[in-house]
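Report on the following structure.
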Amino acid sequence: MTSLSIFSTRVSLREAIVSKLKPSSTVGFVPTMGALHEGHLALIERAHKENDIVVVSVFVNPSQFNNQLDLENYPRMLEADCEKLENLGFLILLFAPAVEDVYPENELYKPIELSGLDTVMEGKYRPGHFQGVIHVVRNLFQIVTPNNAYFGQKDFQQLTIIKHINNVLKFNINIVGCATLRDSDGLAMSSRNLRLTSQQKQDALILFHTLNYVKNHKGSFKPKDLRVEALKFFHQGNLRLEYLEIVNGEDLSPMQDEWKEQSVCCIAAFCGEVRLIDNMRL
Ligand code: PAF
């Protein structure tokens with residue numbers, strides 16, 4: 001018996017969820033854009049441990065790409081994704097919809113005020129990106145109605161914003177942030193790594209090394225001065241830095257003179273054509 005059930009319409013997915021729901025059962029949801037790697041599979045395994053029903057979505061969301069080329073080049077490999085999901089060996093409801101099924105034609109949608117969480121870092125360099133993310137996440141939450149939803153901490157700003165809209169829109173979903181999985185050399189797992197050559201994978205390690213440097217030198221500098229030291233890592237090498245920020249992990253404001261308990265260093269850099277992000281709690 002196959003452990004994977006695939007749905008392409010919201011109606012068929014809803015029917016399947018409802019038919020499996022018992023009064024006390026919980027639904028765990030892992031939204032993805034596919035090209036699944038170990039990091040996604042860890043989220044899905046956690047959802048399985050903590051819930052009775054597991055729903056995974058694979059949907060490359062056009063509205064969150066501010067660069068057409070990035071959207072076109074985003075890896076799509078549904079067949080291989082299905083095989084990975086099957087191999088997990090437990091029942092998964094996979095939602096792989098078309099654009100019309102996520103964004104109905106007659107839908108009413110007003111952009112959501114994000115209290116400045118979307119104007120820094122990723123938001124500054126990818127205008128509109130987070131409105132696209134929260135639009136799709138909101139719609140997926142409405143379709144799946146999960147109790148628990150699982151997101152990787154690699155997208156730290158995204159996770160912060162999703163927690164925020166969960167409160168503002170009163171979804172009452174438990175948003176679970178899961179630790180970033182890394183290759184043995186420290187490179188954060190990402191679907192975009194598929195587009196890196198082996199030399200670029202080596203070059204990209206500068207992100208991890210810089211984050212470690214910042215973490216290990218927290219005691220010796222003020223945040224604003226440590227940031228200046230860390231920027232020097234990108235003066236050489238093949239990466240093109242977009243931003244490196246040390247922020248308050250609660251409201252994403254840049255940290256200046258004083259360390260807060262919730263401090264996070266976030267970096268985005270281009271490695272060739274591929275844009276990589278990573279972060280570390282300090
Ligand atoms: O993190 C991602 O893969 C995407 O931003 C998400 C949350 C699936 C929305 O498209």
Side-chain angles (χ1 to χ4, degrees), residues 7 10 13 27-44 46-47 54-67 70-78 80-81 84-85 92-103 107 109 111-112 114 117-118 121-123 125-146 148-166 169 171 173-181 188-195 266 268 274-279:
F7 305 89
R10 55 166 71 208
L13 176 72
V27 176
F29 177 41
V30 184
T32 81
M33 297 207 297
L36 301 180
H37 52 69
E38 294 292 321
H40 294 116
L41 300 182
L43 302 185
I44 297 165
R46 178 149 176 203
V54 176
V55 181
V56 174
S57 63
V58 169
F59 177 65
V60 181
N61 173 34
S63 75
Q64 73 187 73
F65 286 82
N66 56 316
N67 174 334
D70 195 22
L71 172 62
E72 280 163 22
N73 287 331
Y74 202 85
R76 291 164 175 84
M77 42 185 65
L78 189 59
D81 288 343
K84 287 179 186 161
L85 294 175
I92 293 172
L93 307 184
L94 172 63
F95 186 43
V99 173
E100 318 70 88
D101 245 281
V102 177
Y103 297 113
E107 160 182 55
Y109 180 74
I112 297 165
L114 293 172
L117 294 173
D118 59 336
M121 300 193 288
E122 289 300 285
Y125 289 91
R126 303 183 70 189
H129 167 68
F130 285 118
Q131 285 299 335
V133 170
I134 61 176
H135 190 176
V136 77
V137 168
R138 181 202 76 149
N139 288 15
L140 291 169
F141 279 176
Q142 285 172 344
I143 298 169
V144 178
T145 61
N148 300 299
Y150 297 81
F151 295 87
Q153 283 168 355
K154 188 171 86 65
D155 294 294
F156 176 73
Q157 190 172 4
Q158 167 174 284
L159 179 60
T160 308
I161 287 175
I162 288 170
K163 285 180 179 165
H164 175 81
I165 61 150
N166 184 46
L169 300 179
F171 276 117
I173 296 167
N174 179 34
I175 306 293
V176 187
C178 303
T180 303
L181 252 64
M189 289 188 187
S190 163
S191 305
R192 291 173 201 267
N193 294 355
L194 287 170
R195 295 173 53 207
C266 301
V274 185
R275 188 173 183 280
L276 300 173
I277 60 171
D278 201 353
N279 69 79

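Note: hydrogens, waters and symmetry copies are ignored here, and every other heavy atom, side chains too, is used. Computed from a predicted structure; not experimentally measured. FYI, the numbering just counts along the sequence from 1. One-based numbering, in listed order, for ligands and for the atoms of each.
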Handout entry: Plane angle bin for H135 and Y109 - parallel if under 30°, tilted between 30 and 60°, otherwise perpendicular
Key = parallel
Practice task
List the steps, then state whether salt bridge (Lys or Arg N to Asp or Glu O under 4.0 Å) holds for E107 with R138.
Solution key: CA-CA 12 Å; E107 160 182 55; R138 181 202 76 149; 2.9 Å; yes
Practice task
For ligand 1, list the protein residues that place a heavy atom within a distance below 4.0 Å of one of its atoms, sorted by chain and number.
Solution key: P31, T32, M33, N61, Q64, V136, F151, D155, Q158
Exercise for the section: Answer yes if the ring centres of F65 and Y74 are under 6.0 angstrom apart, and no otherwise. Expected result: yes
Practice task
Output yes when K84 and E38 qualify as a salt bridge under the 4.0 Å nitrogen-oxygen rule, no when they do not.
Solution key: no
Exercise for the section: Without swapping roles, check the side chain of H129 against the backbone of G123 for a donor-acceptor pair under 3.5 Å. Expected result: no
Completion exercise
Hits for side-chain hydrogen bond (donor to acceptor under 3.5 Å, both in side chains) against Y125, two or more places apart or cross-chain, chain-then-number order -> none
